[in-house]
Amino acid sequence: MTAFRGPGASRTRTVTLPLRSAVITGSALLELLRNEYDLLADRCDATATAGGAWLTATVSMARGQNPWAVVVRDSDDVLRACIVVLEADDAGVALVTLAGSAMGFRSSILADSASAAALLGHSFAEMLQARDRDIRVELGPVDDETPWLEDFVATAAGAEAVPTDPIPSVRRLGGSDLHEYLGSSMLRTLRKAANRAATDHKQVFVRITGDGDEILNLLPELERVHRERDHTQGRRSDLDDVVGRAIWRARLVALAAEDILELATLHIDGDLAAHVLAIVEPPGYRVLEGNLATRWARYAPGRVLEAAVLRRALEEPSIDFLDWMSSVASSALLVANDAQPVSVLRAYFGAPVEP
């Protein structure tokens, strides 16, 4: 009889089956992600950024990086734990990162029991220790409350969990009235934006849709605003890179196919002024990105759209919280009344020294 026991797990039974581990690559990795992986993710209550659709999209488009995974199975061949990583060369050192966290999102290392997590950590470290090169491991960010994370870290020789900036969120306080959540200065900003639009005779239109075809048709425009916003802030955009852009697009296509992707847009006089992409995954409403066109900054389109998105989340009875899937300074957000602690798992494996 197989056990599925642990924080966040939806079922419990008793562990009695022996476990074994293996490393998989290539087409076998894609088959894993397309088939049985999501059953494990469901048992671990993992977010979509640790799900099969997200990881398949990432692995398929990660050109120049080597994807591989360590898996743990029981004697019934049931997948009990899994970690999917990307490996790239970084100035002569192999850099191993968590595939789901590519582009800064938090993801998960999946295990449905302490014993499975422990074997996963041991096998992951053992494989890296046997390699004939220096390897730096940076896994995360991952939620500190990830089931059995401590067991993985304890057996992954040399690994340590290093706390990083928490991920802000908005927890439901009771009602859906924005006045319960927004401070006086933010409410003043929203009033000022509305007054300016009215004075300047600007037509402001907000639309929120979960229609996959509609969202995918807008991807070129969303990409343009995303890149322009990064450049305006004086930084290189993650979408300037061909691989980064391919991963971004493939992930959104995959989420749309899963029917969990939602897009909020704000147009001013027919021009896209701001957008928010989110995963609707009750009880969470998870924001993937929010961008605005700087030329419309006079009308605070980002703030206005954030307020509309928060209202949408609060008016949905199945949603208990809205969160950003990567670390963002709370001061840069409309509002945050909670934060979820996350860590990055770090380790270094040196190449064996010749006697």
Side-chain angles (χ1 to χ4, degrees), residues 103-104 168-170 176-211 214-240 248-249 252 261-280 285-316 319 322-337:
M103 301 176 74
S169 62
V170 182
S176 59
D177 187 345
L178 289 183
H179 288 75
E180 295 183 55
Y181 301 85
L182 304 185
S184 57
S185 63
M186 190 57 67
L187 291 169
R188 193 161 50 247
T189 295
L190 295 175
R191 286 195 299 270
K192 186 184 295 184
N195 291 338
R196 284 178 174 175
T199 299
D200 296 347
H201 305 290
K202 297 297 181 183
Q203 294 197 355
V204 178
F205 179 71
V206 172
R207 175 169 172 74
I208 300 177
T209 179
D211 183 285
E214 182 178 348
I215 296 172
L216 297 183
N217 286 336
L218 287 171
L219 287 189
E221 198 171 3
L222 302 182
E223 178 189 328
R224 175 182 60 79
V225 173
H226 183 132
R227 296 175 75 178
E228 287 179 358
R229 177 60 171 167
D230 288 339
H231 297 161
T232 299
Q233 293 184 333
R235 64 173 182 259
R236 187 175 186 275
S237 176
D238 48 11
L239 301 190
D240 288 341
W248 176 82
R249 179 178 286 269
L252 296 180
L261 184 65
E262 191 163 277
L263 170 67
T265 54
L266 184 147
H267 286 79
I268 299 178
D269 288 350
D271 189 27
L272 180 62
H275 73 262
V276 171
L277 282 162
I279 300 170
V280 184
Y285 189 93
R286 308 183 188 278
V287 174
L288 291 174
E289 71 174 49
N291 288 291
L292 64 90
T294 309
R295 62 184 171 279
W296 294 111
R298 169 175 167 77
Y299 308 104
R303 295 303 192 206
V304 173
L305 189 58
E306 276 186 301
V309 167
L310 177 58
R311 182 183 295 110
R312 177 265 182 271
L314 293 172
E315 290 177 349
E316 171 56 56
I319 300 297
L322 177 151
D323 79 42
W324 285 260
M325 293 300 286
S326 56
S327 297
V328 184
S330 296
S331 59
L333 301 173
L334 182 79
V335 63
N337 61 16

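Excluded from the calculations below are hydrogen atoms, water molecules and symmetry mates; all remaining heavy atoms, backbone and side chain alike, are included.
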CG-NE2 distance between Leu239 and His231, expressed to the nearest 0.5 angstrom: 8.5 Å
Leu288 side chain near Leu252 side chain, heavy-atom distance below 4.5 Å: yes
Please give me the minimum heavy-atom distance between Val170 and Ala336, naming the atom from each residue. CG2-CA, 4.1 Å
Approximate separation, where rounding is to 0.5 Å, of Ile208 CD1 and Leu263 CG: 9.0 Å
To the nearest 0.5 Å, what is the distance between CZ on Arg312 and CG on Leu322? 10.0 Å
May I have the step-by-step check of side-chain contact (heavy atoms from CB on, under 4.5 Å) for Tyr285 and Glu316, ending in yes or no? CA-CA 10 Å; Tyr285 189 93; Glu316 171 56 56; over 6 Å; no
Which pair of non-hydrogen atoms, one from Trp324 and one from Val335, has the smallest distance, and what is that distance? CH2-O, 3.8 Å
Pair Arg229 + Glu289: basic N to acidic O under 4.0 Å: no
Please round to the nearest 0.5 Å and tell me the distance separating atom CH2 of Trp296 and atom NZ of Lys202. 4.5 Å
Residues Gly104 and Ser326: closest non-hydrogen pair is O-CB, 3.1 Å
Please name the residue in the list Leu266, Leu190, Leu292, Leu182 that meets the side chain to side chain contact (heavy atoms under 4.5 Å, CB included) test with Arg303. Leu190
Find the distance between CG (Asp271) and CD (Gln203) and round it off to the nearest 0.5 Å. 13.5 Å
N/O donor-acceptor pairs under 3.5 Å from side chains in residues 217-224, not counting sequence neighbours:
from: Asn217; atom 1: ND2; to: Asp213; atom 2: O; distance (Å): 3.2
from: Glu223; atom 1: OE2; to: Arg227; atom 2: NH1; distance (Å): 3.2
from: Arg224; atom 1: NH1; to: Glu228; atom 2: OE1; distance (Å): 3.4

Point-to-point distance, once rounded to the nearest 0.5 Å, from OH of Tyr181 to OG of Ser176: 7.5 Å
Looking at every non-hydrogen atom in both residues, tell me the closest pair between His267 and Leu272 and how far apart they are. CD2-N, 3.4 Å
Below 4.5 Å, heavy atoms only, C-beta onward: do Arg207 and Glu214 meet side chain to side chain? yes
Where do Leu305 and Val276 come nearest, in terms of heavy atoms and distance? CD2-N, 3.8 Å
Heavy atoms of Ile215 and Leu261 approach each other most closely as CD1-O, 3.7 Å
With salt bridge (Lys or Arg N to Asp or Glu O under 4.0 Å) as the rule and sequence neighbours excluded, what pairs involving residues 177-196 come up? none
